[in-house]
Amino acid sequence: MKIFDEKHIKNIVLVGAHNSGKTTLSETMLFEAGLINRRGTVEDHNTVSDHHSIEHERNASIYATPLHTEWRNYKINIIDTPGLDDFIGEIIASIRVADTVVATINGRQGVEVGTEIIWNYIDKYHIPTVFVVNQIDHPDTKFDHSFKGIQSLVGNNAVIIQYPIKIDGKQGIIDVLKMKLYKFGDEGGKPEKLAIPDDQKVQANFLHNELIEKAAENDDELLELFFEKGTLNEDEMRKGIKAGMLNHDLYPVFCTSALNDMGSGRLMGFIDNVAPAAADLKSEQTIEGEELWPKTSGPTALFIFKTLYQTNLGQITFFKVKSGEVSINDRLTNARTGEIEVINQLFIMDGKERHSVSKLTVGDIGATLKLKFTETNDTLYSGKKPITLRHIKYPEDRIVLSVSAVTLTDDEKLSEALKKIHIQDPTVSLSFSKETKEFLLGCQGELHLATIDWTLKNIYNVEAKFEKPKTAYRETIQRSSTANYRHKKQSGGSGQFAQVHLKIEPWYEGMPEPEGFNIRGKEDIDLTWGGKLVFYNCIVGGVIDTRYLPSIMKGVLEVMESGPLTGSYIRDIRVMVYDGKMHSVDSNDISFKIAGAHAFSEAFLNANPKLLEPRNELIVKVPEDMVGQVMTDLQSRRAVIQGYETSDNYQILNCQIPADELFGYSTDLRSLTQGRATFSTKFSAYQAVPTNVQKQLVKN
């Protein structure tokens, strides 16, 4: 296949809410360029992009799929992404390697919650962005409403390059960069290029002049030229638009009907002529603090943004060439592991189709097979100087469940399958809870979970059960208490003897030292499960030898690992050991450990013990007309709404909620709001459970 240089490679990622037309647009772009001779549809399961069985079953994109096309001597790499935020990991990874984001807007719905979620990541990475209002030929499309939504999202730097009109019963697009009318037939395809109608000239001229001003603002030379001439020609406008896109200060707005092939050719022309190529991009700072420039002459650096397992091929590794060139048989170092990887094969991928190439240059996107030590987020580099590119940061889990094999003999098989799923999708987290003795799986929502379940059954032939995880409670005390315990055991020969007197109190940050004790020693222990134990040696007169204090503390810590109320970890307590007895022959470490444990347990139960539950910070973004039912549901989950703010037609609710009450929330919120609301959550703190809840938990 033809090798393109860094000036003629354009990398775009198609993003947008579910049903905004991304896959259809990618299919139309391939068709327009002649790479396919017949356009498939999502409904017929024959698009190049959606080629996985699960995507056919669900009639929706699940995976980000790399494609490519060629248009007027430029190579356009396209990544088609899912629209559902359950699969946000696929979207974020694709944005990370894009040179331009093409954000599709469903012209009937306008800017949706899904678009806003994605925009936050685009804005974070400062990626040049083009907005495309799709479905312009649908009778319910509202272009003005969509444009206002884009402005609400990105500000006044959104600028119209095209807007739709009807002319003689046909669909038209007025292009204010070229100052032409494109008139389409019923079948779409190549339009007639006509003069702008008289009744549109005022509007078109106004938008044309606005575009000139926006273009001039982004380049000092162009600004001087604009002041001198009062206008810019088309080439000068293109230069200014590109500068604005690179500065993340200008967002062109186009319109299409991807389904009926209207406007896609013009969009591709803009990508060729204006959208940034690798040669236009700024340097990227490596983790080592060096500047890495997108130059062919630089060292080879590949960033791994996606890993995919296919039954017949094994591991497919997708990468972007961030510097230099990569050829077959190159030996590259993995910056994370230090291992050498040999690039035995190189491909350009179009969905499931692989096209072999001998070399790829900076800016290009490719794939290889069967790397041994490399995962998503890794950097492969040439030379002796390490190069590590910044990692993709994935969002926190939104739901966590316990996972186990339905058939016990499949435990190992399930574990291996889940590891592969995690490598393929880092938004799937895996952990083992020592506390609850469960394997835990975290993911982004119920649809994400359903996809994991499908993959386990259909790809790895293992059936798993997903259940509500046990809650990791904590135990503490609410008042001080004293206790003593004598441990005595005689069984012939040396026996066991120890007596311990201690006092316990609730601990809090900054509290004064205990009064009434002769403090001879103090240990602050940050507990691995959170919270603190502060242990004081207050022994007077040597009634307990100092060497036995660590054993007493071990006994206390053993109890703290399995509290008397529910077997949960204990936290935030201070212990003062102030008296006791020992025997010159029978006392030993084990005796004082046992005595310390028993004394602590007795004191704990007399100190008004309290059960703490994990509470999460929860942020819910919900349409204003649906706030009532969402708040009612939150209150039923014992959530405390701490504040809210308004954002356009949405309310953002800031809440604290028991982690236990989040189980099933993803599904319920989707149902309550027809999928229009979204949420994020993360652990906040441990707080006391209500008394009635504690009684039930202790009883169980």
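Because only heavy atoms are used, hydrogens play no part in the values below, and waters and symmetry mates are left out as well, while side chains stay in. The chain is numbered in sequence order, starting from 1.
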Side-chain donor/acceptor of Q135 to backbone N/O of N106, under 3.5 Å: no
Check: D44/T41 side-chain N/O donor and acceptor closer than 3.5 Å: yes
Side-chain touch E375/I304, heavy atoms, less than 4.5 angstrom: no
Near-ring test H391/Y394, centroid separation under 6.0 angstrom: no
M29 side chain near L25 side chain, heavy-atom distance below 4.5 Å: yes
Heavy-atom pair with the smallest gap, counting every atom of Y125 and I392: OH-CA, 3.9 Å
Under-4.0 Å salt bridge between D86 and R670: yes
T317 versus Q315, side-chain donor and acceptor atoms under 3.5 Å: yes
Any F305 side-chain heavy atom under 4.5 Å of R96 side chain: no
F679 and Y665 aromatic centres sub-6.0 Å: yes
Derivation of the salt bridge (charged side-chain N to carboxylate O under 4.0 Å, His left out) call for K193 and D175: CA-CA 10 Å; K193 295 180 184 178; D175 191 308; over 6 Å; no
Taking every non-hydrogen atom, the tightest pair across A60 and V42: N-CG1, 4.5 Å
Closest non-hydrogen atom pair between F347 and V357, with its separation: N-CG2, 4.2 Å
Step-by-step salt bridge (charged side-chain N to carboxylate O under 4.0 Å, His left out) determination, D144 to K148: CA-CA 6 Å; D144 290 344; K148 285 176 183 175; over 6 Å; no
Side chain H51, main chain H45, donor-acceptor under 3.5 Å: no
NE2-SG distance between H422 and C443, expressed to the nearest 0.5 angstrom: 13.5 Å
Ring centers of H52, Y63 separated by less than 6.0 Å: yes
pair H68-M349: side-chain heavy atoms closer than 4.5 Å: no
Donor-acceptor contact below 3.5 Å, side chain H248 vs main chain I127: yes
Minimal non-hydrogen separation, I105 against V111, with atom names: CG2-N, 4.0 Å
Modelled atom types, side-chain donor and acceptor of E32 and W71, under 3.5 Å: no
Backbone N/O of T24 and side chain of T28: donor-acceptor pair under 3.5 Å: yes
Donor + acceptor pair across side chains of H355, D350 (<3.5 Å): yes
Residue pair D364 / N77, side-chain donor-acceptor N/O under 3.5 Å: yes
Whether Q424 side chain and Y309 backbone form a donor-acceptor pair below 3.5 Å: yes
is_close_aromatic(W454, H448), centroid dist under 6.0 Å: no
Aromatic centroids of F254 and F270 separated by under 6.0 Å: yes
Closest approach of I9 to G363 (non-hydrogen atoms, all atoms of both residues): CG2-O, 3.6 Å
Within-4.5 Å side-chain heavy-atom neighbours: P128 and V101: no
Side chains of S49 and S26, donor plus acceptor under 3.5 Å: no
Heavy-atom donor-acceptor pair, H18 side chain to L84 backbone, under 3.5 Å: no
Heavy-atom side-chain contact between Q203 and Y163 under 4.5 Å: yes
Side-chain donor or acceptor of Q171 paired with backbone N/O of F184 under 3.5 Å: no
Distance-only polar pair, side chains of S61 and T23, donor-acceptor under 3.5 Å: yes
Stepwise side-chain contact (heavy atoms from CB on, under 4.5 Å) check, F466 with D453: CA-CA 9 Å; F466 303 94; D453 190 32; 3.5 Å; yes
Heavy-atom side-chain proximity of T100 to K10 below 4.5 angstrom: no
Main-chain N/O of G351 paired with T65 side-chain donor or acceptor, under 3.5 Å: no
Pair D137 + K166: basic N to acidic O under 4.0 Å: no
Expected output: side-chain K320 to main-chain V97 donor-acceptor under 3.5 Å: yes
Donor-acceptor contact present, side-chain K142 to main-chain R108, <3.5 Å: yes
Side chain proximity check, L181 to I165, heavy atoms < 4.5 angstrom: yes
Electrostatic pair D261:R39 at N-O distance under 4.0 angstrom: no
Donor + acceptor pair across side chains of N134, T104 (<3.5 Å): no
